[in-house]
Participant: 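Dropping a structure here in structure tokens format, bear with me for questions.
Along the sequence shown, the residues carry numbers beginning at 1. Given the structure is predicted, the values throughout are model-derived calculations rather than measurements. As a basis for the values below, the full set of heavy atoms in this structure was taken, side chains included, without hydrogen atoms, waters or symmetry mates.
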Amino acid sequence: MADQISMPPEGGRESGPGRNGALIFGGVMLIVIGVVAVVLLTGGDEDSGSTTADGGCQTVDAPAPKTVDLPGPDAKAPTAGSVVFNTSCGSFTVALDAERAPKTAASFQYLAEEGVFDNTPFHRIAPGFVIQGGDPSGDGSGGPGYSVEERPPSDLSYTRGLVAMAKTGAEPPGTSGSQFFVVTAEADAGLPPEYAVVGEVTEGMDTIAAIEALGVPGSDGPPTMPVVIETATAES
């Protein structure tokens, strides 16, 4: 399987003239401010895991990259109803959409049960668009060693709270590995129906908002401090 990258692509987002130059400078300044804020919050304490940052996020170390090579699930539909994520910013629950995406939902459950999501970061935040995680390598290039293909409905709208799977631009619509994104756009993110649907966040949108708040406004990249998925648990 081709390595996954940070998807959905930039082409799915709205951009305007003069965007890059202004945002690079503004983004650098915001990152600097964010770093200073984290230093002030930690107070130089080496036990960073015990410190709470603004928004309720814990200051934690970035997890070490890990390599995953799984054969893939046998199930064609999920047996669990949801997956609960505990993160350094709080918890949230994803209700699996077994009706519209049985294969993708079954794979998502399998990944949670195999511990693929555990101790991995949210490596990408695009405020007002998506937050993205699920990469064992931690940099947006990794996956679980297999892929699933299940094209989403042609009328799918990527609305706030929807959870879908990332893919490379070269992969067919509906292809997924382990990287997923949560839509944070207020209305529709404006994406084409090419990203396999997983389900919807039914609890913990305040956690999603806290994670999103660590992104640089107008930018698309890593958060200003590590955000770690501590555990992901499939529940009936």
Participant: Does a side-chain heavy-atom distance below 4.5 Å link Val228 with Asn119?
Facilitator: yes

Participant: Taking Asp118 for the side chain and Ala232 for the main chain, is one N or O donor matched with an acceptor at less than 3.5 Å?
Facilitator: yes

Participant: Could you check Val83, Val163, Val182 and say which one makes a side-chain contact (heavy atoms from CB on, under 4.5 Å) with Val198?
Facilitator: Val163

Participant: Looking at every non-hydrogen atom in both residues, tell me the closest pair between Leu111 and Gly177 and how far apart they are.
Facilitator: CD1-O, 3.5 Å

Participant: Under 4.5 Å between side-chain heavy atoms, hopping through other hydrophobics if needed: is there a path connecting Ile229 to Val84?
Facilitator: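 No, separate clusters.
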
Participant: Can you measure from CG (Asp188) to CZ (Arg160) and round to the nearest 0.5 angstrom?
Facilitator: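 One finds 13.5 Å between CG of Asp188 and CZ of Arg160.
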
Participant: Hey, which of Asp206, Val227, Thr184 is the one that makes side-chain contact (heavy atoms from CB on, under 4.5 Å) with Ile211?
Facilitator: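 With Ile211 as partner, Asp206, Val227, Thr184 yield a single side-chain contact (heavy atoms from CB on, under 4.5 Å), made by Val227.
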
Participant: With a 4.5 Å limit on heavy-atom distance, are the side chains of Asp61 and Pro226 in contact?
Facilitator: no

Participant: Taking the side chain as C-beta and beyond, is there a heavy-atom pair between Thr120 and Lys66 under 4.5 Å?
Facilitator: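 Yes, at least one pair of side-chain atoms sits under 4.5 Å.
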
Participant: Report the residue from Ser82, Pro73, Pro78 that forms a side-chain contact (heavy atoms from CB on, under 4.5 Å) with Gln109.
Facilitator: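 Among Ser82, Pro73, Pro78, the one meeting side-chain contact (heavy atoms from CB on, under 4.5 Å) with Gln109 is Pro78.
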
Participant: Would you confirm whether Thr87, through its side chain, and Cys89, through its main-chain N or O, come within 3.5 Å as a donor-acceptor pair?
Facilitator: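 Checked: pair present.
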
Participant: Answer with yes or no after comparing the ring centroid distance for Phe108 and Phe117 against a 6.0 Å cut-off, counting only values under it.
Facilitator: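 Distance test on ring centres: under 6.0 Å, yes.
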
Participant: To the nearest 0.5 Å, how far apart are CG in Leu191 and CZ in Phe129?
Facilitator: 4.5 Å

Participant: Side chains of Val216 and Thr224, heavy atoms from C-beta outward: is any pair under 4.5 Å?
Facilitator: yes

Participant: Can you tell if the side chain of Pro193 reaches within under 4.5 Å of the side chain of Pro173, non-hydrogen atoms only?
Facilitator: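 Result no, sub-4.5 Å side-chain heavy-atom pair not found.
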
Participant: Are any side-chain N or O atoms of Gln179 and backbone N or O atoms of Gly142, one a donor and one an acceptor, separated by less than 3.5 Å?
Facilitator: yes

Participant: Under a 3.5 Å distance rule, please check whether Tyr158 uses its side chain to pair with a backbone N or O of Tyr195 as donor and acceptor.
Facilitator: yes

Participant: What is the distance from atom CE of Met205 to atom CD of Glu200, rounded to the nearest 0.5 Å?
Facilitator: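 Answer rounded to 0.5 Å: 9.0 Å.
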
Participant: Mind checking whether Phe85 and Phe180 have ring centres under 6.0 Å apart?
Facilitator: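 Yes: the rings meet the under 6.0 Å criterion.
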
Participant: For residues His123 and Gly140, report the shortest heavy-atom separation together with the two atoms involved.
Facilitator: NE2-CA, 3.5 Å

Participant: Determine, step by step, whether Leu156 and Arg100 satisfy the side chain to side chain contact (heavy atoms under 4.5 Å, CB included) criterion, reporting the C-alpha distance in whole Å, the side-chain angles of both residues, the deciding distance to 0.1 Å, and the verdict.
Facilitator: CA-CA 10 Å; Leu156 179 65; Arg100 292 190 296 180; 3.4 Å; yes

Participant: Indicate yes or no: at least one non-hydrogen side-chain atom of Glu235 is less than 4.5 angstrom from one of Thr93.
Facilitator: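 In short, these two side chains do not touch, never coming nearer than 4.5 Å.
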
Participant: Are any of the side-chain heavy atoms of Lys167 and Ser147 separated by less than 4.5 Å?
Facilitator: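 The answer is no; the side chains never approach within 4.5 Å.
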
Participant: Testing Ser107, Ser176, Ser178 for side chain to side chain donor-acceptor pair (under 3.5 Å) with Tyr146, which one passes?
Facilitator: Ser107

Participant: If you look at every heavy atom in Asp69 and Gly145, which pair is closest and at what distance?
Facilitator: OD1-CA, 3.8 Å

Participant: To the nearest 0.5 Å, what is the distance between NZ (Lys103) and CZ (Arg151)?
Facilitator: 13.0 Å

Participant: Could you tell me which non-hydrogen atom of Val183 sits nearest to which non-hydrogen atom of Thr159, and how far apart they are?
Facilitator: CB-O, 3.3 Å

Participant: Check Cys57 against Leu214 and note the closest heavy-atom contact, atom names and distance.
Facilitator: SG-CD1, 3.9 Å

Participant: Could you tell me whether the side chain of Ser88 reaches within less than 4.5 Å of the side chain of Phe122, counting heavy atoms only?
Facilitator: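 Side-chain contact under 4.5 Å: no.
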
Participant: Closest heavy-atom contact between Ile125 and Gly215?
Facilitator: CG2-CA, 3.6 Å

